[in-house]
S.K.: 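Below is a structure I'd like to ask you about.
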Amino acid sequence: MSQAPVITIVVQARMSSSRLPGKVMLPILEEPLLYRMIERLRMVKRILHIVIATSDHTQDDVIERFCKNYQIDCYRGSLNDLLDRHWQVGHLTEADVVLKIPSDCPLIDPRIVDKVLDVYLSAPDKYDYISNLHPATYPDGNDVEIMSFKALTKAWEEAVRPLELEHTTPYFWENPEKFKLGNVLWETGLDYSMSHRFTIDYHEDYQFIKRIFEELYPLKPEFSLEDILNLLVQKPEIMAINAQWAGVNWYRNHLDELKTIDASMTVQVEAQGLVPSPKLSNSNES
């Protein structure tokens with residue numbers, strides 16, 4: 001790229017999570033969780049265009065109102081075709097590069113976004129798609145996936161399986177012969193992807209995330225992954241809040257469909273004897 005590329009972060013968000021409905025609007029220090037996440041993404045060192053991509057269902061009107069109130073760009077599209085949502089945002093913003101950051105990652109460290117983006121931009125012709133997820137090593141909830149808009153267009157034109165449309169990026173890593181793929185490992189050499197859960201799907205996750213913000217944000221709003229890990233060592237009772245869900249992710253519902261994912265990359269809830277909170281269901285939706 002001869003000039004600075006146009007980079008768009010797409011944050012997918014909706015109110016209809018079956019396990020924890022309305023989770024993106026839950027309060028964190030008197031602001032919606034989604035705002036706290038956008039606040040962290042705005043700390044990424046490059047000038048990026050951030051767009052919240054939600055559905056066109058009436059239940060997500062609240063997300064559009066939130067975006068207007070906080071002056072955040074919003075796109076509304078298909079409820080279940082997240083690949084289309086990402087492509088449409090990339091198209092509308094004339095992006096050269098699209099970053100996928102799910103809204104269930106409110107503790108994401110902007111430094112990790114910078115790190116993955118630095119690798120991609122250091123050799124943009126080397127990668128069509130790069131992430132820190134295949135294999136994952138960072139604590140769950142620091143998900144960064146980066147793709148060229150050209151590659152995103154190819155996936156958008158060719159992907160047909162429901163899981164490829166719903167989860168946006170499986171078409172990339174399931175078809176390595178079609179794309180130049182890259183992965184960024186945690187430089188510590190550690191793998192906390194199955195042991196440390198910073199994402200939100202269950203009520204216990206919300207309590208964990210809320211506590212992290214309450215402990216760290218007042219003194220250091222830009223707190224880092226290392227700050228969180230140090231806190232968990234000092235106060236292990238915080239990590240225990242949602243420890244029962246460590247390693248549980250959407251992969252478990254698609255092991256028979258995914259070529260590049262195996263059972264070691266997820267926890268089977270049933271096999272572990274874990275049960276969701278009585279108030280929550282255990283459907284396939286995020």
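Numbers for residues simply follow the sequence, beginning at 1.
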S.K.: Under a 4.5 Å cut-off applied to non-hydrogen side-chain atoms, are Glu174 and Arg161 in contact?
M.R.: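 Side chain of Glu174 against side chain of Arg161, heavy atoms only: contact under 4.5 Å found.
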S.K.: Does Leu79 offer a backbone N or O that forms a donor-acceptor pair with the side chain of Arg14 under 3.5 Å?
M.R.: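 Flag not set: sc Arg14 to bb Leu79 has no pair under 3.5 Å.
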S.K.: Return yes when atom NZ of Lys126 has more than 12 non-hydrogen atoms of other residues, nucleotides or ligands closer than 6.0 Å, and no otherwise.
M.R.: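 No, the 6.0 Å shell around NZ holds no more than 12 heavy atoms from other groups.
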S.K.: Can you list the steps and then say if Tyr120 with Ser148 is a side-chain contact (heavy atoms from CB on, under 4.5 Å)?
M.R.: CA-CA 10 Å; Tyr120 177 86; Ser148 70; 3.4 Å; yes
S.K.: First locate atom CD1 of Ile200, then atom CG of Leu26, and finally report the distance between them rounded to the nearest 0.5 Å.
M.R.: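 Reported to 0.5 Å precision, the distance equals 5.5 Å.
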S.K.: Would you name the heavy atoms of Glu145 and Ser131 that are closest together and state the gap between them?
M.R.: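 Here Glu145 and Ser131 meet closest at CG-CB, 3.8 Å.
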S.K.: Over 60° means perpendicular and under 30° means parallel, so tell me whether Trp250 and His167 are parallel, tilted or perpendicular.
M.R.: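 Ring orientation, 0 to 90° scale: parallel.
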S.K.: Tell me if the CD atom of Glu237 is crowded by more than 12 foreign heavy atoms within 6.0 Å.
M.R.: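 Yes, CD of Glu237 has more than 12 neighbouring heavy atoms, counting only those of other groups under 6.0 Å.
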S.K.: So if you build clusters from Ile, Leu, Val, Met, Phe, Trp, Tyr with side-chain heavy-atom gaps below 4.5 Å, do Tyr171 and Leu255 land together?
M.R.: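 In one cluster: yes.
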S.K.: Under 4.5 Å between side-chain heavy atoms, hopping through other hydrophobics if needed: is there a path connecting Leu83 to Leu92?
M.R.: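 As far as the 4.5 Å side-chain criterion goes, Leu92 and Leu83 are connected within one cluster.
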S.K.: Would you confirm whether Asp114, through its side chain, and Lys45, through its main-chain N or O, come within 3.5 Å as a donor-acceptor pair?
M.R.: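 Confirmed, Asp114 side chain pairs with Lys45 backbone.
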S.K.: If two hydrophobic side chains count as joined below 4.5 Å and joins carry through other members, does Val144 share a cluster with Met43?
M.R.: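 No, separate clusters.
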S.K.: Are Phe149 and Trp87 near enough that their ring centres are under 6.0 Å apart?
M.R.: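 For Phe149 and Trp87, the ring centres are under 6.0 Å apart.
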S.K.: Would you name the heavy atoms of Arg42 and Ile50 that are closest together and state the gap between them?
M.R.: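 Closest approach of Arg42 to Ile50, heavy atoms only: CG-CD1, 3.9 Å.
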S.K.: Do Val97 and Met147 come within less than 4.5 Å of each other through their side chains, counting heavy atoms only?
M.R.: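 No - every pair of side-chain heavy atoms lies 4.5 Å or more apart.
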S.K.: Got a list of side-chain donor-acceptor pairs under 3.5 Å for residues 105-113, not counting sequence neighbours?
M.R.:
unit_1	atom_1	unit_2	atom_2	d
Asp109	OD1	Arg111	N	2.9
Asp109	OD1	Arg111	NH1	2.7
Asp109	OD2	Leu225	N	2.7
Arg111	NH1	Glu222	O	3.3
Arg111	NH2	Glu222	O	2.6

S.K.: Under 4.0 Å between a Lys/Arg side-chain N and an Asp/Glu carboxylate O for Lys68 and Asp73?
M.R.: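 Judged by the 4.0 Å cut-off on N to carboxylate O distance, Lys68 and Asp73 do not form a salt bridge.
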S.K.: Would you indicate whether the side-chain heavy atoms of Ile7 and Leu121 approach each other to under 4.5 Å?
M.R.: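 Leu121 reaches Ile7 side chain to side chain.
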S.K.: If you count every heavy atom of other residues, nucleotides or ligands that lies below 6.0 Å from His91 atom NE2, does the total exceed 12?
M.R.: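 Result for NE2/His91: open.
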S.K.: Compute whether any side-chain donor of one residue and acceptor of the other, for Lys180 and Tyr129, lie under 3.5 angstrom apart.
M.R.: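 Distance-only check fails for Lys180 and Tyr129.
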S.K.: Taking Val6's backbone N and O only, do any of them form a donor-acceptor pair with Asp96's side chain (distance below 3.5 Å, no angle check)?
M.R.: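 Yes.
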S.K.: Answer yes when Arg76 and Asp60 have at least one side-chain N-carboxylate O distance shorter than 4.0 Å, and no when they do not.
M.R.: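 Salt bridge between Arg76 and Asp60, a charged N being under 4.0 Å from a carboxylate O: no.
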S.K.: Within a strict 4.5 Å, meaning less than it, do heavy atoms of the Leu82 and Leu165 side chains meet?
M.R.: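 Leu82 vs Leu165: side chains apart.
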S.K.: Answer yes or no: are there more than 12 heavy-atom neighbours, outside Glu177 itself, under 6.0 Å from its atom CD?
M.R.: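 Above 12, so yes.
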S.K.: If you look at every heavy atom in Val98 and Gly90, which pair is closest and at what distance?
M.R.: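 The pair with the smallest heavy-atom distance is CG2-CA, 4.0 Å.
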S.K.: Under 3.5 Å, side chain of Thr54 to main-chain N/O of Ala13, donor-acceptor pair present?
M.R.: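 Side chain of Thr54 to backbone of Ala13, a donor-acceptor pair under 3.5 Å: yes, one is there.
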S.K.: State, to 0.1 Å, how close Val89 and Val10 come at their nearest heavy-atom pair, and which atoms those are.
M.R.: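 Scanning both residues completely, I find the closest heavy atoms to be CG1-CG2, 3.7 Å.
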S.K.: Within this structure, what is the CG-CG distance for the pair Leu190 and Leu185, rounded to the nearest 0.5 Å?
M.R.: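 Here the interatomic distance stands at 11.5 Å.
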S.K.: Within this structure, what is the NE2-OG1 distance for the pair His134 and Thr260, rounded to the nearest 0.5 Å?
M.R.: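 Separation between the atoms: 6.5 Å.
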S.K.: At their closest point, which heavy atom of Ala246 faces which heavy atom of Val267, and how far apart are they?
M.R.: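 Here Ala246 and Val267 meet closest at O-CG2, 3.5 Å.
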S.K.: Between the main-chain N or O of Tyr138 and the side-chain N or O of Ser193, is there a donor-acceptor pair closer than 3.5 Å?
M.R.: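 Side chain of Ser193 to backbone of Tyr138, a donor-acceptor pair under 3.5 Å: no, none is there.
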S.K.: Would you please test Tyr70 and Glu31 for side chain to side chain donor-acceptor pair (under 3.5 Å) and show each step?
M.R.: CA-CA 11 Å; Tyr70 287 85; Glu31 294 284 4; 2.4 Å; yes
S.K.: When rounded to the nearest 0.5 angstrom, what distance separates CD in Gln12 from NZ in Lys100?
M.R.: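 The distance works out to 4.0 Å.
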S.K.: Nearest 0.5 angstrom please: Phe172 CZ to Lys154 NZ, how far?
M.R.: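 Answer rounded to 0.5 Å: 10.0 Å.
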S.K.: With heavy-atom distances below 4.5 Å as the criterion, would you say the side chains of Ile63 and Asp61 are in contact?
M.R.: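 No, side chains not in contact.
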S.K.: Are Arg36 and Tyr217 in a cation-pi setup, meaning NZ or CZ lies under 6.0 angstrom from the ring centre and within 45 degrees of the ring axis?
M.R.: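 Here Arg36 passes the 6.0 Å and 45° test against Tyr217.
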S.K.: For a side-chain contact (heavy atoms from CB on, under 4.5 Å) check, start with the C-alpha distance between Asn242 and Gln207, then their side-chain angles and the critical distance, and finish with the verdict.
M.R.: CA-CA 8 Å; Asn242 67 341; Gln207 294 299 328; over 6 Å; no
S.K.: Quick one: CG on Leu163 to CG on Asn253, what's the gap to the nearest 0.5 Å?
M.R.: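 Atom-to-atom, Leu163:CG and Asn253:CG are 10.5 Å apart.
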S.K.: Does Asp84 reach the main-chain N or O of Ser78 with its side chain, forming a donor-acceptor pair under 3.5 Å?
M.R.: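 Such a contact is absent between Asp84 side chain and Ser78 backbone.
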S.K.: Contact between Glu215 and Leu231 at the side-chain level, heavy atoms closer than 4.5 Å - yes or no?
M.R.: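 Yes. Closest side-chain heavy atoms under 4.5 Å.
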S.K.: Please determine whether a side-chain nitrogen of the Lys or Arg among Asp201 and Lys23 lies less than 4.0 Å from a carboxylate oxygen of the Asp or Glu.
M.R.: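 Salt bridge flag = yes for Lys23 with Asp201.
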S.K.: May I ask you to check whether Trp186 and Tyr192 place their ring centres under 6.0 Å from each other?
M.R.: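 Yes, close enough.
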S.K.: Are the side chain of Thr266 and the backbone of Ala263 linked by a donor-acceptor contact shorter than 3.5 Å?
M.R.: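 No.
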S.K.: Show the numbers, then the answer: is there a side-chain contact (heavy atoms from CB on, under 4.5 Å) between Asp227 and Lys220?
M.R.: CA-CA 9 Å; Asp227 293 323; Lys220 186 181 180 182; 2.8 Å; yes
S.K.: Indicate the ring-plane relationship of Phe223 and Phe213, choosing parallel, tilted or perpendicular according to the 30° and 60° boundaries.
M.R.: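 Perpendicular, since the angle between the ring planes exceeds 60°.
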S.K.: Is there a side-chain contact (heavy atoms from CB on, under 4.5 Å) between Val51 and Thr8? Walk through the geometry before answering.
M.R.: CA-CA 7 Å; Val51 179; Thr8 297; 4.1 Å; yes
S.K.: Using atom types as modelled and distance alone, determine if a side-chain donor or acceptor of Arg211 lies under 3.5 Å from a backbone N or O of Tyr206.
M.R.: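 Not confirmed, Arg211 side chain does not pair with Tyr206 backbone.
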S.K.: Sorted by first residue and then second, give each salt bridge (Lys or Arg N to Asp or Glu O under 4.0 Å) pair with at least one member in residues 185-195; sequence neighbours left out.
M.R.: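 Listed once each, the pairs are Lys115-Glu187.
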S.K.: Counting N and O atoms only, with roles assigned by atom type, does the side chain of Asn183 sit under 3.5 Å from a partner on the main chain of Leu133, one being a donor and the other an acceptor?
M.R.: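 Yes, because the side chain of Asn183 sits within donor-acceptor range (under 3.5 Å) of the backbone of Leu133.
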S.K.: Donor-acceptor pair, distance only, cut-off 3.5 Å: does the side chain of Arg197 make one with the backbone of Asp140?
M.R.: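 Between the backbone of Asp140 and the side chain of Arg197 there is no qualifying donor-acceptor contact (under 3.5 Å).
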S.K.: Measuring only between side-chain heavy atoms, which start at C-beta, is Asp81 closer than 4.5 Å to Glu166?
M.R.: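 The answer is no; the side chains never approach within 4.5 Å.
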S.K.: Leu229 versus His196: any side-chain heavy-atom pair under 4.5 Å?
M.R.: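 Result yes, sub-4.5 Å side-chain heavy-atom pair found.
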S.K.: Could you check whether Phe198 and Phe208 have their ring centres less than 6.0 Å apart?
M.R.: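 Yes, they do, as the ring centres are separated by less than 6.0 Å.
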S.K.: Would you call the rings of Tyr202 and Trp245 parallel, tilted or perpendicular, where under 30° means parallel and over 60° means perpendicular?
M.R.: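 The arrangement is parallel - the two ring planes meet at less than 30°.
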S.K.: Between Asp104 and Arg19, does any side-chain N to carboxylate O distance fall below 4.0 Å?
M.R.: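 Judged by the 4.0 Å cut-off on N to carboxylate O distance, Asp104 and Arg19 do not form a salt bridge.
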